[in-house]
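To keep things clear, I will list the structure first and then write my remarks on it.
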Amino acid sequence: MKKLILIFTMIFVLGTFLAFADDGGSYYPEDWSYGNIYVKEPNDKIALKKELLVVEQMNIYRSAKIRGSEITALFGFKNTTKEAVTVPCAFPVVLTTQFAVKKDETVSNYIYIGNGIFSDNSALAIALQKDVYEIKDNNQLNVTKSELFALDKKLATVSASEYIKNLSRFGINDRIYKPIEIYQDKKKVPILTVGIETTIEKNEELNELVYREQEFYKYDEIYTLKLVLHFYHELHFAPNASSSLRVRYDINTKKRDYHGSEYAVRYDISTGGTWKGAIEDFLVLTDSEMEANNSKTTFDITPLGEISESGVEFVLYAAKNYKPQQNEYFDFKTKSPYREDLFFVKADADAQQDFVTQIRSSSTLSGTFKMAGNQNLYWDNWDEADKDENLRSSTYAAETSFDGILYNGWVEGVKGDGIGEWIEFTLTKSALGPFATNGLRRFANLDSTWLSNNRVRSMTLLKSSGKEKAIVNFADLFPKFSNWFSSQRIAVNAVRNPLFLEKGTYRLRLDSVYKGTKWDDTVLGEVWFIPLSGLASEIIFSDKSGLFQNELNKIVQEYVSHYVSRLEDDMRRDKESSEK
């Protein structure tokens, strides 16, 4: 996996209030740090058995809707005692921002360095519990230096209702400041109180820049305000019982977005070590590269794609018997705001997937046909691939749907549409899939073959036992190698709902079709999978509760469905343009 270059340096200092917590400050507009649910003292009764952490920094596409960046965490707890246990807990969110104090000791939210940086006025308002938005001349805030410094090293506690009321009163509408969402066994856990902890320190680095050229700047001193929000709540555990917890909250990567294409967020995992024992199964799914700091654990990595110049990837990190260390934290970094490159396999080299074996089908159309040549599938090679001297022959056999070639595919061989016909294969590795093209493309440039034959509308995925696994839904997409996606196979995928599959034998049974204009032969194009590491597979499929598998499937399917919808929009526009 390519290493991302971090353009901005983040400087974090350990706090004293949180058990094992970390937080930070830098000379950029703001930095955010997040963390696990924590207890003030290590708990010897409740074990944290499982955790899935999902960190999504880029804009989130869910059901064709764009949301902000967010973190979701799923926890599997176990009460190891024969008594009911109530645990007072908290969740930390840490924000740092800068402000300037002018020579007359008035406070400004603007610092004249470079293009200028602004204070996070919402953070100042929450810390002071007063409206600071009455901006006067020269960006002067409605707050005095003495008011701010009276907050240093102080912890104020307000009720959750009062905290929410103040957000409204101060005009703070951004969801990143609102209390986190917590559900225990699908019941909402109320946030009881909010602790507002404030520290103020002189920012020596920025002051040094100011002192160098005093004539250009209007401030004597620049300070960093560190705001820690503690969302206090209680978790209740029945005797000898397991309990699932779901936490979701919006995160802020605006700092990176404002300054360029680098994004970063920090997550304090150390408080996960305050629960009894080690975390037996631990997974992280992220659209970023994760770096574990101060850790004794080596994480197993499954890339669900590749880094490219125009986009980001999802990566799955896995660990067994993981005990977070004191001061351990994760840095998540990525460098592009685009998501078009997720869940793909390179389309060049006609690559077969050797972990897909024992391919067979209920029937096959007999005969052979000519198709485009063995060319790398970049848009500027299409004409070359279609030249007579580069054409090659193919059959319609089941193996053609797994040969790495995107111009051919399995064609059933019975009269009619082939409803009930099937194709079977064995995965020798657990994998994410299936992904597939739809219909018979045949040539690099568009011809009538694709429209003439039936395409797949839906297939039932069955395990070797005959048990139904899922209904696999296909879009009616011509596998166009668009310049938008370059050579990535996500650009030609028609499957809306791939899922995580344990290794074994599977059957795809044809249920419904999109009718062809000339023939009723139904064509399944190329099928591919993204293999999982052995450890990720063990963790996902040993979880009989489905805690991990259900969430991972949901996330993947929402993203992939979004991409397929975009491809459908492109195809619709192409059709409308050609009809004009």
Please determine, by modelled atom types, if [X] and [Y] share a side-chain donor-acceptor pair under 3.5 angstrom.
X: Ser458; Y: Ser512; result: yes
X: Thr426; Y: Thr357; result: no
X: Gln57; Y: Ser69; result: no
X: Ser452; Y: Thr449; result: no

| message | Could you work out, with side-chain contact (heavy atoms from CB on, under 4.5 Å) as the rule, every residue matching Lys463, not counting sequence neighbours? | response | Ser465, Lys469, Tyr506
| Residues that Ala494 engages under side-chain contact (heavy atoms from CB on, under 4.5 Å), provided they are two or more places apart |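 Only Asn438, Phe474, Leu477 meet the side-chain contact (heavy atoms from CB on, under 4.5 Å) criterion with Ala494.
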| query | Which residues pass the ring-ring contact (aromatic ring centres under 6.0 Å, His included) test with Phe541, sequence neighbours left out? | reply |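 By the ring-ring contact (aromatic ring centres under 6.0 Å, His included) rule, Phe541 matches no residue at all.
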| field | ring-ring contact (aromatic ring centres under 6.0 Å, His included) involving Tyr514 - partner list, sequence neighbours excluded | value |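 ring-ring contact (aromatic ring centres under 6.0 Å, His included) list for Tyr514, sorted by chain: empty.
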| said: Considering only residues two or more places apart or on different chains, which pairs with a residue in residues 411-425 satisfy salt bridge (Lys or Arg N to Asp or Glu O under 4.0 Å)? | reply: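 Those involving residues 411-425 are Arg360-Glu424, Asp417-Lys515, Glu424-Arg507.
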| query | Among pairs that include at least one residue of residues 491-504, which meet salt bridge (Lys or Arg N to Asp or Glu O under 4.0 Å), considering only residues two or more places apart or in two chains? | reply |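 Checked against salt bridge (Lys or Arg N to Asp or Glu O under 4.0 Å) - neighbours excluded - the pairs reaching residues 491-504 are Arg496-Glu568.
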| said: For Tyr267 and Phe332, take the angle between the two ring planes, folded into 0 to 90°, and tell me which bin it lands in: parallel under 30, tilted 30 to 60, perpendicular over 60. | reply: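 It falls in the perpendicular class, over 60°.
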Residues which pass side-chain hydrogen bond (donor to acceptor under 3.5 Å, both in side chains) with [X], listed by chain and number, not counting sequence neighbours:
X: Lys429; answer: none
X: Asp569; answer: Arg572
X: Thr522; answer: Asn454
X: Lys320; answer: Asp281

| task | Using the side-chain hydrogen bond (donor to acceptor under 3.5 Å, both in side chains) rule, collect all pairs that involve residues 539-548, keeping only residues at least two apart or in two chains. | result |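 Counting only pairs at least two positions apart or across chains, the side-chain hydrogen bond (donor to acceptor under 3.5 Å, both in side chains) contacts touching residues 539-548 are Asp543-Ser545.
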| message | So, using salt bridge (charged side-chain N to carboxylate O under 4.0 Å, His left out) as the criterion, who are the partners of Arg455 when residues are at least two apart? | response | Asp476
| task | Quick one: do Trp528 and Phe402 satisfy ring-ring contact (aromatic ring centres under 6.0 Å, His included)? Show the steps, please. | result | CA-CA 7 Å; Trp528 66 94; Phe402 298 90; over 10 Å; no
